[in-house]
Amino acid sequence: MPYKNKPRPYKKEYAQQKARGEHTDRMERQRARRKMDSTSKDANRNGKADKREGKDIAHKKPLSRGGTNKDGYTVQSRSKNRAAGGALSKGKKR
């Protein structure tokens with residue numbers, strides 16, 4: 001187990017995230033989720049849009065390939081969205 005005898009270095013982790021460019025992608029994902037939640041219907045009032053419950057926001061052009069929210073995003077099942085990362089690196093199935 002890491003950090004058993006010392007506190008976790010959150011500042012260092014945050015700086016590393018920014019240096020690797022992960023911070024900007026995370027902010028894009030967060031903005032897309034918030035936009036979806038603010039513009040879509042929320043019948044049970046839990047703060048999450050009904051059509052997004054149990055699903056992911058998938059970017060049409062992946063953030064890892066230079067995509068942004070301007071390129072578009074959609075609601076997709078978690079398994080399909082997360083499997084797409086592997087499919088992108090392998091190429092199209094025949």
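Quick caveat, the model's predicted, so the values are computed rather than measured. Sequential numbering from 1 along the given sequence is applied to the chain's residues.
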S.K.: Per the salt bridge (Lys or Arg N to Asp or Glu O under 4.0 Å) rule, what does the pair list look like for residues 33-50, sequence neighbours excluded?
M.R.: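 Every pair satisfying salt bridge (Lys or Arg N to Asp or Glu O under 4.0 Å) with a residue in residues 33-50: Asp37-Arg52.
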S.K.: Say you draw a straight line from OH of Tyr73 to CG of Asp56; how long is it, rounded to the nearest 0.5 Å?
M.R.: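 Tyr73 atom OH to Asp56 atom CG measures 14.0 Å (nearest 0.5 Å).
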S.K.: Which pairs with one or both residues in residues 19-57 pass ring pair (Phe, Tyr, Trp, His ring centres under 6.0 Å), sequence neighbours excluded?
M.R.: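 Output for this query lists Tyr14-His23.
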S.K.: Does Asn81 reach the main-chain N or O of Arg78 with its side chain, forming a donor-acceptor pair under 3.5 Å?
M.R.: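 No, the answer is negative, given that no donor and acceptor are paired below the 3.5 Å cut-off.
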S.K.: Any chance you could lay out the side chain to side chain contact (heavy atoms under 4.5 Å, CB included) test for Lys51 and Met36, step after step, and finish with the verdict?
M.R.: CA-CA 9 Å; Lys51 66 180 181 179; Met36 180 74 65; 3.3 Å; yes
S.K.: Check whether any side-chain heavy atom of Ile57 sits under 4.5 Å from a side-chain heavy atom of Gln76, and report yes or no.
M.R.: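 Side-chain contact under 4.5 Å: no.
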S.K.: Nearest heavy-atom pair of Tyr3 and Pro9: which atoms, and what distance?
M.R.: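 The answer is CE2-CD, 3.3 Å.
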S.K.: Only pairs at least two apart or in different chains count here, so list each salt bridge (Lys or Arg N to Asp or Glu O under 4.0 Å) that has a residue in residues 9-18.
M.R.: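 The answer is Arg8-Glu13.
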S.K.: Drop me the distance from Lys55's NZ to Thr74's OG1, to the nearest 0.5 angstrom.
M.R.: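 The NZ atom of Lys55 sits 10.0 Å away from the OG1 atom of Thr74.
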S.K.: What I want to check is whether the side chains of His59 and Asn69 have a donor and an acceptor closer together than 3.5 Å.
M.R.: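 A pair is found: one side chain offers a donor N or O, the other an acceptor, under 3.5 Å apart.
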S.K.: Enter the distance from Thr24:OG1 to Gln17:CD here, rounded to the nearest 0.5 Å.
M.R.: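 Between atom OG1 of Thr24 and atom CD of Gln17 there are 10.0 Å.
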